[in-house]
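Working notes, structure below.
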Amino acid sequence: MTLAELENSKAQSLVEIAAAGDASAIEALRVKYVGRNGSIPALIKGMKDVPKEERPAFGKAVQAWRAEVEAALAAKGAGAGAEKGVEADLTLPGRWFALGAKHPLSRVIEETARIFGRLGFTVADGPELENRFNNFTALNTPPHHPSMDRSDTFWFDGDTLLRTQTSPVQIRTMMANKPPIRVICPGRTYRRDTTDATHSANFHQIEGLYVDTKPVSLADLKSVLAYFAHEMMGDGVTVRFRPHFFPFTEPSVEVDFSCHLCKGKGCRVCKDSGWIEVAGAGMVDPRVFKHVGYDHEKVSGYAFGFGVERIAMIKYGIPDIRWLYENDVRFLGQLA
């Protein structure tokens, strides 16, 4: 078929489509021209027989014919449907699609970033695949510490692991910057811990770090955490410190918030103690400063960390951590 013959065939096809009177005629023309064994697919299959120098122009003309036929068939089909009264019934009530909501973990992370942002903290991020130095050694963790065992940590080889905390982000931040540093480090962490409804092998942490050449004390740490508790849990929540031990802080403390539900009187959530254990914290150990190249006699600072899931479970009254990962809209919809 020459180009002139092709143009004549195209014109004829458009005339036939325009004259089609019903849906069956339109379908017959569709099969005739663009169906699997139609005229246009046959031309495309026969392109190999067209002289090489004519193929570009011939192929372009065939594709243009196909596009025009398909557009004409679509327009004719829509017109035929409208003539038969196939149209939307505007009197029918619309379908209501419920608005989505942010996941509880996303809510806690974003709200925490806003709260600490008002205190001058920025958000720092780092890789989930870490090395031994950043995750353990630089944090003053001794080689015999049980957290280095394969029963506690996901190791890939001798020095690569899935981070067990977001503390390596603090190490990376200090190694890349000079004081003052004021950051929070939210992110996903991993441990071999699925012992009960409050533990998961995959969970989220938010850690904070403040380092300065000016004196920094536990009083500064307590004031920051008291502000966070007030903003996150509501008015009247107070903070208390209990002595503890962490390799990377000295002195170290456990941080408790007074129960926001019973106002410290004792209830099921706080196990009748009036307090809820929330975070670990303390003054950064001088040996950590040595590992990142800081002069421990010229800088001081504090660090803290808490589990996002724990805050979410306390704040929203969620009894089982697994509910946060099952993506059950019946549960998530209650928090919308």
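Here the structure is a predicted model, which means the values were calculated and not measured. We count residues from 1, following the sequence as given.
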Can you hop from Val255 to Leu218 via hydrophobic side chains spaced under 4.5 Å? yes
For Pro51, enumerate each residue passing the side-chain contact (heavy atoms from CB on, under 4.5 Å) test, keeping only those at least two apart in sequence or located in another chain. Glu53, Glu54
Asp235 and His230: side-chain donor and acceptor closer than 3.5 Å? yes
Validation row: Ile44, Val62 side chains within 4.5 angstrom (heavy atoms): yes
Is the shortest side-chain heavy-atom distance between Ile311 and Phe306 below 4.5 Å? yes
Asp295 vs Lys290 side-chain heavy atoms within contact, under 4.5 Å: no
Give a yes or no answer on whether the side chain of Ser217 reaches the backbone of Ala219 with a donor-acceptor pair at less than 3.5 Å. yes
Side-chain hydrophobic cluster, 4.5 Å single linkage: members besides Leu209: Phe133, Leu139, Ile171, Met174, Met175, Ile181, Val183, Val211, Phe246, Phe248, Val284, Val288, Phe289, Val292, Tyr294, Val299
Output yes when Glu250 and Arg287 qualify as a salt bridge under the 4.0 Å nitrogen-oxygen rule, no when they do not. no
Please tabulate, one pair per line, all N/O donor-acceptor pairs under 3.5 Å involving side-chain atoms of residues 117-126, not counting sequence neighbours.
from	atom 1	to	atom 2	distance (Å)
Arg118	NE	Tyr227	OH	3.1
Arg118	NH2	Glu231	OE1	3.0

Pairwise side-chain contact, His103 with Tyr325, heavy-atom cut-off 4.5 Å (strictly under): no
Members other than Tyr190 in its cluster, when Ile, Leu, Val, Met, Phe, Trp, Tyr link by side-chain heavy atoms under 4.5 Å? Leu129, Phe154, Phe156, Leu162
Would you confirm whether Ser258, through its side chain, and Thr238, through its main-chain N or O, come within 3.5 Å as a donor-acceptor pair? yes
Residue pairs passing the side chain to side chain donor-acceptor pair (under 3.5 Å) test where at least one lies in residues 296-307, sequence neighbours excluded: none
Are Glu27 and Lys32 ion-paired here, with the side-chain N under 4.0 Å from a carboxylate O? no
Contact between Thr112 and Phe228 at the side-chain level, heavy atoms closer than 4.5 Å - yes or no? yes
Tell me whether Val278 shares a hydrophobic cluster with Leu105, the cluster being built from Ile, Leu, Val, Met, Phe, Trp, Tyr side chains joined at under 4.5 Å. yes
Check whether any side-chain heavy atom of Ile40 sits under 4.5 Å from a side-chain heavy atom of Gln63, and report yes or no. no
Counting C-beta onward and ignoring hydrogens, is there a side-chain heavy-atom pair between Arg310 and Met313 closer than 4.5 Å? no
Kindly write out the residues that satisfy salt bridge (Lys or Arg N to Asp or Glu O under 4.0 Å) with Lys315, not counting sequence neighbours, or none if the list is empty. none
Quick one: does Val108's side chain get under 4.5 Å of Tyr316's, heavy atoms only? yes
Quick check against the 3.5 Å criterion: does Thr166 have a side-chain atom that pairs as donor or acceptor with the backbone of Cys185? yes
